Number of protein chains: 2
Amino acid sequence: MTVSKTSSQDQAKQVTPVGFDEESGALQLGELSELLGYSLKRAQLKVFEDFLRCMAPLQLTPAQFSVLLLLDKNPGRNQTEIANTLGILRPNFVSLLDALESRDLLTRMRSPSDRRSHVLMLTDKGRATLIRAKKLVATRHEARLIEVLGPAEHKALLGMMAKIAREF
Amino acid sequence: MTVSKTSSQDQAKQVTPVGFDEESGALQLGELSELLGYSLKRAQLKVFEDFLRCMAPLQLTPAQFSVLLLLDKNPGRNQTEIANTLGILRPNFVSLLDALESRDLLTRMRSPSDRRSHVLMLTDKGRATLIRAKKLVATRHEARLIEVLGPAEHKALLGMMAKIAREF
DNA sequence: TGATAATCGTTATGAGATATATCAAATAGA
DNA sequence: TCTATTTGATATATCTCATAACGATTATCA
């Protein structure tokens with residue numbers, strides 16, 4: 001997930017796997033293309049890659065963006081609550097917050113009611129950055145996805161992913 | 001992706017993220033649920049998790065399974081060709097093959113025509129294991145997915161994933 | 001032919017994400 | 001009160017993914 005190396009990989013031997021190219025290697029994929037996990041992971045990597053590319057001006061990773069999104073909708077929560085909601089383990093959440101806080105996008109404040117916990121809040125800069133980030137996601141990232149899939153399939157895909165993540 | 005720890009995580013604090021549970025934390029997800037990359041990664045982790053659970057009797061990871069599948073359809077290829085097709089870098093492919101070869105599921109043979117390269121072939125045990133693995137995937141893993149999504153959506157999902165992996 | 005470059009499998013190594021154990025401070029519960 | 005739990009943090013281990021470089025072999029071509 002190296003953000004800055006996107007352009008230096010261009011002439012690497014075989015950065016993009018050839019698995020979905022039919023003609024190049026003349027290799028038979030066989031049942032591999034019916035293996036959902038396989039294509040699911042491939043697709044996920046591509047989507048994250050595109051996200052980073054689209055978000056390059058703001059230097060936000062998907063995880064960082066999701067933290068900002070969640071804090072905007074849920075101000076005043078502590079680290080444990082936000083981390084759990086995002087499926088991030090608390091020890092790993094610390095450095096993620098360090099990075100965002102050092103960029104003045106959010107603040108950690110000791111809670112007056114429970115002085116163990118840190119109340120998390122977006123700063124003004126954090127809110128402004130989030131607005132810009134949302135625009136980048138909508139106009140570049142989602143737009144490209146919709147362009148490839150079509151609006152109907154794009155919406156259906158969102159529903160299916162949520163269903164798997166929820167019920168599977 | 002720890003295979004053997006599936007059962008020891010049962011009483012961990014918050015292994016399963018609460019992001020898709022609506023009632024538990026009372027946290028507003030907001031636009032997070034519309035972020036494809038977010039749900040895509042969640043879904044991918046769930047699918048891999050289920051794959052490992054279903055494949056536990058044979059102790060095969062998704063990557064190992066895909067190697068066996070590909071070798072079955074393309075015998076006599078060398079390491080570079082298989083690795084490239086799967087999007088695995090050749091240095092990382094070495095230990096993957098070591099594991100499968102030490103289990104006598106495949107063989108590395110010096111090619112007579114080009115003695116730099118190794119010709120890869122499934123062993124009899126490898127073919128037999130692959131047959132059993134395919135059955136496990138079909139009857140457990142895919143069956144569960146189809147149960148959750150329905151056959152039509154499951155098929156549509158495969159198509160969309162392949163499309164993203166190919167065109168995105 | 002002989003010198004140079006490229007390829008194959010491999011090793012070593014580093015970065016990044018992810019997991020566990022443990023700690024001090026603070027709080028909750030008996 | 002005394003004990004147990006929770007919170008954020010640190011240290012650390014593991015796993016995945018990526019690059020550089022090596023010996024052996026083959027290809028290129030002057």
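A note on names: the letters A, B, ... follow the listed sequences, proteins ahead of strands, and every chain is numbered from 1. Because the structure is a prediction, the values reported are computed rather than measured.
Here the nucleotide nearest the side chain of B:Val94, chosen from D:dA20, C:dG9, D:dT7, is C:dG9. Listed nucleotides: C:dT27, C:dG9, D:dG8. Nearest to the side chain of A:Ser117: D:dG8. Nearest to the side chain of A:Arg115, among C:dT27, C:dT10, D:dT26, sits C:dT27.
OP1 or OP2 of C:dT18 has at least one side-chain nitrogen or oxygen of B:Lys41 nearer than 4.0 Å. Taking side-chain N and O atoms only, B:Arg110 has no distance below 4.0 Å to OP1 or OP2 of D:dT26. Contact annotation: A:Thr80 does not reach the phosphate of D:dT6 (side-chain N/O to OP1 or OP2, under 4.0 Å). At D:dT19, none of the side-chain N or O atoms of B:Arg90 fall inside 4.0 Å of OP1 or OP2 (strictly under the cut-off).
Along DNA chain C, the nucleotide nearest B:Val119 and the nucleotide nearest A:Ser111 are compared for position; the residue whose nucleotide lies closer to the 5' end is B:Val119.
Atom pair A:Leu89:CG and D:dT7:P shows a separation of 14 Å (rounding to whole Å applied). The nearest whole Å value for the distance from the NE2 atom in A:His118 to the C1' atom in C:dA25 is 10 Å. Rounded to whole angstrom, the span from the CZ atom of A:Phe48 across to the P atom of D:dT16 amounts to 18 Å. When the P atom of C:dT18 is taken as reference, atom CG of A:Leu96 falls 10 Å away, rounded to whole Å. In this structure, B:Met109 places its CE atom 17 Å from P of C:dC8, rounding to the nearest Å. Nucleotide D:dT7 holds its C1' atom 11 Å from the CD atom of A:Glu81, rounded to whole Å. Taking atom CG of B:Asp114 as the reference point, atom P of D:dT28 lies 12 Å away to the nearest angstrom. Between A:Leu45 atom CG and D:dT16 atom P the separation is 14 Å, expressed in whole Å.
Ring pair B:Phe65/A:Tyr38: centre-to-centre distance not below 6.0 Å.
In this structure, B:Asn92 reaches the bases: a heavy-atom distance under 4.0 Å links it to at least one base atom across the strands shown.
Between the side chains of A:Arg116 and A:Asn78, no donor-acceptor pair of N or O atoms lies under 3.5 Å. With no hydrogens or angles considered, a side-chain donor-acceptor pair links B:Asp50 and B:His141 at under 3.5 Å.
Few gaps surround CD on A:Glu167; more than 12 heavy atoms of other groups in view lie less than 6.0 Å from it.
Taking each heavy atom of B:Leu52 and B:Leu60 in turn, the nearest pair found is CD2-O, 4.0 Å.
Between the side chain of A:Arg116 and the base of D:dT6 there is at least one donor-acceptor pair of N/O atoms closer than 3.5 Å.
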